[in-house]
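As the structure is a prediction and not an experimental result, all values here were calculated from the model. Residue numbers begin at 1 in each chain, while the letters A, B, ... track the order of the sequences.
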Protein chains: 2
Amino acid sequence: MSRWEPDARGRLEQAALELYIERGFEQTTVAEIAKRAGLTERTFFRHFADKREVLFWGAGALQEFLVGSLASAPDSAAPIDAVAAALEAAGALLQERRESAWQRQAVIAANAELQERELIKLASLASAMADVLRRRGVADPAAGLAAEAGIAVFRIAFERWISETSQRDLPQFIRESLDELKAVTAGRSSPAADPRP
Amino acid sequence: MSRWEPDARGRLEQAALELYIERGFEQTTVAEIAKRAGLTERTFFRHFADKREVLFWGAGALQEFLVGSLASAPDSAAPIDAVAAALEAAGALLQERRESAWQRQAVIAANAELQERELIKLASLASAMADVLRRRGVADPAAGLAAEAGIAVFRIAFERWISETSQRDLPQFIRESLDELKAVTAGRSSPAADPRP
DNA sequence: CAGGTCGATGTCAGTCACTGTCATCACTTT
DNA sequence: AAAGTGATGACAGTGACTGACATCGACCTG
């Protein structure tokens with residue numbers, strides 16, 4: 001017989017998500033989350049660095065998956081395509097949890113602090129992917145740009161996937177967004193607006 | 001004879017930047033900032049929504065400039081080029097303040113909370129630019145992608161400009177980054193660094 | 001000029017996120 | 001059995017941020 005109920009972290013995650021949905025992020029205190037999980041406020045902060053982090057705990061696993069996925073892409077693939085392939089693979093995982101992703105996204109969309117945290121997690125993903133690309137021999141400005149562009153593609157694709165009722169899957173949205181980005185950046189080779197001295 | 005010294009907001013901005021540089025963001029309390037500015041903590045929060053915002057107050061003007069700049073681009077320009085031209089114009093303004101931009105960036109680079117705030121400001125810029133593009137008739141996935149890609153280009157360019165000792169100017173870095181992005185998304189393997197004369 | 005309104009600031013009390021420190025107690029190791 | 005370990009509780013403290021009300025020069029208005 002254990003002294004405490006098991007999976008304290010999981011109970012805290014669950015309680016936090018419920019309360020954030022019920023009354024909103026700002027209107028929820030950490031003490032309330034802890035109480036619902038049968039723990040104390042102090043214990044919450046032993047498991048999560050802050051009140052926001054409880055919603056982003058899974059990001060670490062996602063990043064590991066993305067990095068691994070990208071690292072094992074064939075060398076022949078162009079950087080942007082390797083990035084897109086990794087994002088599609090991650091997207092395929094994500095869409096198995098569409099309902100819970102939708103809930104989570106609704107909570108985040110309702111609060112600026114949570115959006116800030118999400119943005120820095122995405123920036124961290126981009127940074128990690130850029131590192132992998134550099135290790136694969138991609139030159140420096142290109143590596144960062146491919147990673148950042150990939151994240152932009154993912155953001156747009158995710159947004160459309162989560163807000164539309166259509167049944168198209170997330171990897172498909174990602175492919176479409178990438179094609180759209182390629183079209184947008186292909187544009188005209190010689191910019192019309194070019195006030196170069 | 002005025003009851004108070006003028007430019008309370010400016011004094012708070014100045015005091016905050018000094019203290020953030022001297023002892024770091026976390027080690028500075030709002031009470032200390034207010035005291036150095038000859039005001040009270042409560043007044044600080046009447047001028048700035050939070051302790052971070054004092055570093056980002058100028059972002060509003062930058063966004064207005066960018067939006068105006070983008071809105072007045074010729075209709076013939078491709079979206080991504082119009083975005084890049086607006087960013088170059090903003091970059092030209094920014095580089096007149098290179099030293100103060102460098103200080104500010106050093107403060108931000110040293111603190112994750114400040115990086116979060118910077119990211120959401122950049123996301124806001126992207127969102128505003130996407131709105132302008134849509135008003136110009138750019139279709140929906142393309143508008144968001146052109147704006148996000150533009151921000152990615154700007155981020156990379158700014159990073160290189162601020163960290164390198166070279167005398168190249170920021171608009172030039174932006175043009176190079178855009179060219180690099182075009183190369184990356186074209187699918188070709190990335191060209192060797194191509195510094196223009 | 002008297003009186004009233006207004007806007008920027010001060011004062012003060014309060015909430016809540018987050019931290020440091022020490023105690024507790026089941027379980028494990030020696 | 002004694003000592004160690006790890007997760008938790010208890011508690012006090014700091015500091016960001018807010019709401020409510022007071023103050024007082026500047027600016028109207030009659």
Check your understanding: When you match A:T28 and B:G38 each to their closest nucleotide on DNA chain C, which lands nearer the 5' end?
Key -> B:G38
Practice item. Using whole Å, report how far CD of B:E26 lies from P of C:dA17. Key: 18 Å
Review point. Roughly how many Å is it from CG in A:L12 to P in D:dT8, rounded to a whole number?
Key: 8 Å
Exercise for review: Considering just the side-chain nitrogens and oxygens of B:H47, establish if one lies under 4.0 Å of OP1 or OP2 belonging to C:dT9.
Suggested key: yes
Check your understanding: Starting at OH of A:Y20 and ending at C1' of C:dA17, how long is that distance when rounded to a whole Å?
Key -> 11 Å
Check your understanding: For the base of D:dG9, is there a side-chain donor-acceptor partner from A:R46 under 3.5 Å away?
Key -> yes
Point to revise | Length of the CZ-P vector between B:F45 and C:dT11, whole Å | key: 16 Å
Review point. Quick one: is the NZ or CZ of B:R9 closer than 6.0 Å to the six-membered ring centre of B:F44, and within 45° of its axis?
Key: no
**Study point:** B:E41/B:K35 salt bridge by N-O under 4.0 Å criterion
**Key:** no
Check your understanding: Given C:dT11, is OP1 or OP2 found less than 4.0 Å from the side-chain N or O atoms of B:T40?
Key -> no
Review point. Which whole-number value in Å describes the distance from B:I33 CD1 to D:dA16 C1'?
Key: 11 Å
**Study point:** Salt bridge present between B:R134 and B:D131 (N-O < 4.0 angstrom)
**Key:** yes
Review point. Are OP1 or OP2 of C:dT15 and a side-chain N or O of A:T29 less than 4.0 angstrom apart?
Key: no
Review point. With the threshold set at 4.0 Å, does a side-chain nitrogen-carboxylate oxygen contact exist between A:E116 and B:R52?
Key: yes
Practice item. In whole angstrom, give the distance that lies between atom CD of B:E41 and atom P of C:dG10. Key: 12 Å
Point to revise | Cation over ring face, B:R97 and B:W102, 6.0 Å, 45° | key: no
Check your understanding: When you measure from the side chain of B:R42, which nucleotide among D:dA10, D:dA20, D:dG9 comes out closest?
Key -> D:dA20
Point to revise | Closest to the A:D50 side chain, choosing from D:dT8, D:dT18, C:dC18 | key: C:dC18
Exercise for review: Could you tell me the separation between the CD atom of A:E113 and the P atom of C:dC18, rounded to a whole number of Å?
Suggested key: 8 Å
Study note, to complete from the structure: Taken to the nearest whole Å, CG/B:L19 to P/D:dG15 is 14 Å
